S.K.: 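Provided herewith is a single structure, encoded as structure tokens, for subsequent inquiry.
Here the structure is a predicted model, which means the values were calculated and not measured. Both counts, for ligands and for their atoms, begin at 1 and track the order of listing. Throughout, residue positions are numbered sequentially from 1 according to the sequence presented.
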Amino acid sequence: MENRSFARLGREVGVVGLGAWQLGADWGSVDEDAALATLAAAVDAGVTFIDTADVYGDGRSERLIGRFLGERPGRRELFVATKMGRRVAQEPGNYTPANFRAWTDRSRANLGVDTLDLVQLHCPPSEVIASDAVFDALDALVEQKSIAAYGVSVETVEQALTAIARPAVASVQIILNALRLKPIERVLPAAAAAGVGIIARVPLASGLLSGRYDEHTTFAADDHRTYNRHGEAFDVGETFSGVDYRTGLEAVRRLRSLVPAGAAVAQFALRWIIDQPGVTVVIPGARNPEQARANAAAADLPPLDADARAEVTAVYNELIHPLVHHRW
Ligand SMILES: NC(=O)c1ccc[n+]([C@@H]2O[C@H](COP(=O)([O-])OP(=O)(O)OC[C@H]3O[C@@H](n4cnc5c(N)ncnc54)[C@H](OP(=O)(O)O)[C@@H]3O)[C@@H](O)[C@H]2O)c1
């Protein structure tokens with residue numbers, strides 16, 4: 001698999017990683033055996049970057065990754081990024097050095113490591129990303145070696161640009177997919193110029209861009225695609241990328257004709273992201289080994305041609321831009 005670099009870390013990862021929210025909760029049931037088999041399938045397929053968070057299943061995702069790392073020889077090659085900050089109310093006053101210490105200690109225990117590879121602030125309020133005191137506290141964690149590096153996961157382009165301007169932010173995680181083009185305009189060029197890694201999340205628009213769903217598809221009651229369609233539990237942009245389900249289906253129907261022979265719709269959608277200059281790693285979530293393997297294989301597809309790229313932009317401009325472009 002092609003490697004790309006987190007320039008500020010001098011560290012490379014495979015361009016397709018694994019999003020491990022599914023191995024925690026909020027996506028219906030994924031049992032422990034399936035979760036461990038999914039991790040193994042991803043790593044065996046060349047994945048070296050895993051994204052998790054302390055809040056996914058309240059630590060379940062981290063603990064399963066920790067178990068996997070413990071059982072897996074060669075663990076040093078894997079880069080595990082976690083996140084902190086969403087186990088408490090989203091108030092700037094909660095982003096304190098004492099909380100950072102407690103949260104990172106818990107993640108270190110869950111993952112079974114002395115030093116976390118990367119800790120990302122988990123979509124904090126904008127004031128937090130603008131606070132010098134917050135980044136001083138993160139620098140102190142690096143000095144103490146409880147974390148090797150830090151980044152910021154963001155909702156909006158403006159938040160991404162604020163984070164990129166911080167001198168020691170190693171990565172910005174942002175939604176980027178064929179239904180979310182806005183980061184291409186300013187975020188990707190600014191990150192590339194600054195040497196900040198871009199972690200592209202929700203790459204399949206919560207599965208819409210797999211092309212497997214239709215008007216009759218239903219999701220489990222404990223799946224956010226049932227309970228967060230209108231942002232009832234967290235930012236609505238995290239569910240189907242903030243696009244209403246039926247419009248998303250229509251867009252995917254049009255994109256389907258662009259998929260190269262032999263590739264799946266999901267692989268086309270991932271390759272489109274890999275082709276965007278400035279992307280370091282794309283982190284599709286997978287619920288089973290088959291999905292993990294198929295996603296890793298998207299890195300082997302040739303870059304998409306100019307006609308396909310232009311049609312993605314055309315579909316976005318026509319159907320999606322009016323709904324979401326001003327929001328994030
Ligand atoms: N605030 C944040 O920082 C934040 C927020 C959201 C996500 N994330 C991270 O980003 C990762 C990815 O985003 P996401 O999981 O929300 O959305 P996603 O990757 O866009 O979609 C994941 C879903 O796509 C479907 N899928 C995956 N691979 C497939 C394949 N090869 N073929 C067919 N369908 C496939 C599965 O749907 P089914 O369940 O229907 O099988 C899977 O649950 C997360 O796991 C998490 O690590 C971070």
Side-chain angles (χ1 to χ4, degrees), residues 16-30 34-35 38-39 41-42 45 47 49-57 61-62 65 80-86 90 118-124 151-156 159-160 163 171-180 199-214 217-220 222-226 228 233-243 248 252 259 263-273 281-299 328:
V16 177
L18 174 71
W21 183 10
Q22 281 72 3
L23 313 187
D26 305 315
W27 293 83
S29 148
V30 178
T38 301
L39 287 163
V47 164
F49 183 89
I50 300 172
D51 179 78
T52 184
D54 59 1
V55 78
Y56 296 163
S61 174
E62 285 185 334
I65 293 165
V80 180
T82 192
K83 311 188 197 79
M84 65 178 179
R86 296 196 80 88
Q90 289 306 293
L118 181 76
V119 172
Q120 304 158 91
L121 298 176
H122 199 163
C123 294
V152 188
S153 184
V154 301
E155 300 288 5
T156 70
Q159 291 173 340
S171 63
V172 163
Q173 183 178 138
I174 192 163
I175 298 179
L176 173 68
N177 60 47
L179 308 181
R180 180 71 72 92
I199 302 168
R201 79 164 179 273
V202 195
L204 300 175
S206 313
L208 253 181
L209 287 165
S210 72
R212 287 158 52 228
Y213 310 153
D214 63 21
T217 305
T218 55
F219 301 92
D222 59 350
D223 187 315
H224 70 100
R225 294 169 292 184
T226 298
N228 195 52
F234 44 81
D235 195 292
V236 69
E238 307 295 348
T239 300
F240 300 130
S241 213
V243 174
V252 173
V259 177
V265 184
Q267 292 173 319
F268 165 82
L270 295 175
R271 184 67 231 187
W272 179 87
I273 297 170
V281 59
V282 56
I283 51 165
R287 296 162 48 89
N288 56 49
E290 293 72 28
Q291 290 182 352
R293 276 191 284 272
N295 294 340
W328 293 281

S.K.: Any atoms of ligand 1 less than 4.0 Å from a non-hydrogen atom of Ser153? List them with their elements.
M.R.: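 With Ser153 as reference, the close atoms of ligand 1 come out as 1 (N), 2 (C), 3 (O).
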S.K.: Considering heavy atoms of the protein only, find what lies nearest to atom 43 (O) of ligand 1 and give residue, atom and distance to 0.1 Å.
M.R.: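 Answer for atom 43 (O) of ligand 1: Gln22 NE2, 3.1 Å.
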S.K.: Could you tell me, atom by atom, which parts of ligand 1 come under 4.0 Å of a heavy atom of Ala294?
M.R.: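 Atoms satisfying the 4.0 Å criterion: 31 (N).
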S.K.: If we set the cut-off at 4.0 Å for heavy atoms, which region of His122 has an atom near ligand 1: side chain, backbone, both, or neither?
M.R.: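 Only the side chain of His122 comes within reach of ligand 1.
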S.K.: Specify the protein heavy atom at minimum distance from atom 4 (C) of ligand 1: its residue, its atom name, and the distance to 0.1 Å.
M.R.: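 Atom 4 (C) of ligand 1 sits closest to the protein heavy atom Arg201 CD, 3.1 Å.
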S.K.: Out of Thr82, Asp26, Val202, indicate the one that has the non-hydrogen atom closest to atom 17 (O) of ligand 1.
M.R.: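 Selected option, by shortest heavy-atom distance: Val202.
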S.K.: His224 to ligand 1: N or O pair under 3.5 Å?
M.R.: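 There is no such contact.
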S.K.: Of the protein's non-hydrogen atoms, which lies at the shortest distance from atom 16 (O) of ligand 1, and what is that distance?
M.R.: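 Going atom by atom, the protein heavy atom closest to atom 16 (O) of ligand 1 ends up being Trp27 CZ2, 3.2 Å.
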S.K.: Are any of the N/O atoms in Trp21 less than 3.5 Å from those in ligand 1?
M.R.: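 It does: an N or O of Trp21 is found under 3.5 Å from an N or O of ligand 1.
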S.K.: Among Leu118, Thr52, Asp51, find the one that has a side chain to side chain contact (heavy atoms under 4.5 Å, CB included) with Val80.
M.R.: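 The single option meeting the side chain to side chain contact (heavy atoms under 4.5 Å, CB included) with Val80 is Thr52.
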S.K.: Considering heavy atoms of the protein only, find what lies nearest to atom 32 (N) of ligand 1 and give residue, atom and distance to 0.1 Å.
M.R.: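 Result: Ala266 CB, 4.0 Å.
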S.K.: Please work out whether any backbone atom (N, CA, C, O) or any side-chain heavy atom from C-beta onward of Arg212 is under 4.0 Å from ligand 1, and answer side chain, backbone, both or neither.
M.R.: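 Near ligand 1, Arg212 shows its side chain, while the N, CA, C and O stay back.
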S.K.: Considering only heavy atoms, which of Leu204, Leu121, Asn177 lies nearest to atom 20 (O) of ligand 1?
M.R.: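 Nearest heavy atom to atom 20 (O) of ligand 1 lies in Leu204.
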S.K.: Below the 3.5 angstrom mark, is there an N/O of Cys123, backbone or side chain, next to an N/O of ligand 1?
M.R.: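 Looking only at distances, the answer is no, because the N/O contact criterion of under 3.5 Å is not met.
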S.K.: Please work out whether any backbone atom (N, CA, C, O) or any side-chain heavy atom from C-beta onward of Glu290 is under 4.0 Å from ligand 1, and answer side chain, backbone, both or neither.
M.R.: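 Answer for Glu290: neither.
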S.K.: So if I count the atoms of ligand 1 from 1 in the order they appear, which ones are less than 4.0 Å from some heavy atom of Pro284?
M.R.: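 This gives 19 (O) as the contact atoms.
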S.K.: If we set the cut-off at 4.0 Å for heavy atoms, which region of Ala20 has an atom near ligand 1: side chain, backbone, both, or neither?
M.R.: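 Answer for Ala20: backbone.
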S.K.: Can you tell me the protein heavy atom closest to atom 41 (O) of ligand 1 and the distance?
M.R.: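 Its nearest protein heavy-atom neighbour is Gln291 NE2, 2.8 Å.
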S.K.: For the residue pair Thr239 / Ser206, report whether a side-chain donor-acceptor contact shorter than 3.5 Å exists.
M.R.: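 Checked: Ser206/Thr239 side chains show no N/O donor-acceptor pair below 3.5 Å.
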S.K.: Please report which non-hydrogen protein atom sits nearest to atom 39 (O) of ligand 1, along with the residue it belongs to and the distance in Å to one decimal place.
M.R.: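 That would be Arg287 CD, 2.4 Å.
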S.K.: Once you restrict to heavy atoms under 4.0 Å, what part of Ala53 touches ligand 1? Side chain, backbone, both or neither.
M.R.: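 Answer for Ala53: neither.
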S.K.: Quick one, Asn295 and Gln267 - any side-chain contact, counting heavy atoms below 4.5 Å?
M.R.: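 In short, these two side chains do not touch, never coming nearer than 4.5 Å.
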S.K.: Strictly by modelled atom types, are Trp272 and Asn177 linked by a side-chain donor-acceptor pair under 3.5 Å?
M.R.: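 No.
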S.K.: Taking 4.0 Å as the limit for heavy-atom contacts, which would you say applies to Arg225 with ligand 1: side chain only, backbone only, both, or neither?
M.R.: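 Within the 4.0 Å criterion, Arg225 contacts ligand 1 through side-chain atoms alone.
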S.K.: Counting from 1, what ligand 1 atoms have a heavy atom of Tyr213 closer than 4.0 Å?
M.R.: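 Going through ligand 1 atom by atom, the ones under 4.0 Å from Tyr213 are 37 (O), 38 (P), 40 (O).
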S.K.: Looking only at side-chain N and O atoms, does Asn228 offer a donor or acceptor that is under 3.5 Å from a partner on Glu238?
M.R.: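 No - no donor-acceptor pair under 3.5 Å links their side chains.
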S.K.: Side chain, backbone, both or neither: which part of Gln267 has a heavy atom under 4.0 Å from ligand 1?
M.R.: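 Under 4.0 Å from ligand 1, Gln267 contributes no heavy atoms.
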S.K.: Which one holds for Ser210 and ligand 1: side chain close, backbone close, both close, or neither close, with close meaning a heavy atom under 4.0 Å?
M.R.: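 Just the side chain.
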S.K.: Quick check: Gly285 and ligand 1, any N/O pair under 3.5 Å apart?
M.R.: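 It does: an N or O of Gly285 is found under 3.5 Å from an N or O of ligand 1.
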S.K.: Knowing that exactly one of Val282, Ile273, Ile199 qualifies, which makes a side chain to side chain contact (heavy atoms under 4.5 Å, CB included) with Leu176?
M.R.: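 Testing Leu176 for a side chain to side chain contact (heavy atoms under 4.5 Å, CB included) against Val282, Ile273, Ile199 leaves exactly one candidate, Ile273.
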S.K.: What residue and atom, counting heavy atoms only, is the protein's closest point to atom 31 (N) of ligand 1, and at what distance?
M.R.: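 Checking every protein heavy atom, the shortest distance to atom 31 (N) of ligand 1 gives Asn295 OD1, 2.8 Å.
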S.K.: So which of Gln159, Gln120, Arg201, Arg86 actually passes side-chain hydrogen bond (donor to acceptor under 3.5 Å, both in side chains) with Ser153?
M.R.: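 When Gln159, Gln120, Arg201, Arg86 are each tested with Ser153, the side-chain hydrogen bond (donor to acceptor under 3.5 Å, both in side chains) holds only for Arg201.
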S.K.: So which of Ile175, Thr52, Ile283 gets nearest to atom 10 (O) of ligand 1, if we judge by its closest heavy atom?
M.R.: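 Selected option, by shortest heavy-atom distance: Ile283.
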S.K.: Can you sort out which atoms of ligand 1 are near Glu238, meaning under 4.0 Å from one of its heavy atoms?
M.R.: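 Those of ligand 1 that fall under 4.0 Å from Glu238 are 1 (N), 5 (C), 6 (C).
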S.K.: Would you confirm whether Ser210, through its side chain, and Arg212, through its main-chain N or O, come within 3.5 Å as a donor-acceptor pair?
M.R.: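 Present.
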S.K.: Judged on heavy-atom distance to atom 47 (O) of ligand 1, which of Val154, Asp51, Leu208, Thr239 sits nearest?
M.R.: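 Checking each option, the heavy atom nearest atom 47 (O) of ligand 1 is found in Asp51.
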S.K.: Considering non-hydrogen atoms only, spot the tightest contact between Gly17 and Val281 and give its length.
M.R.: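 Of all heavy-atom pairs spanning Gly17 and Val281, the closest is N-CG2, 3.6 Å.
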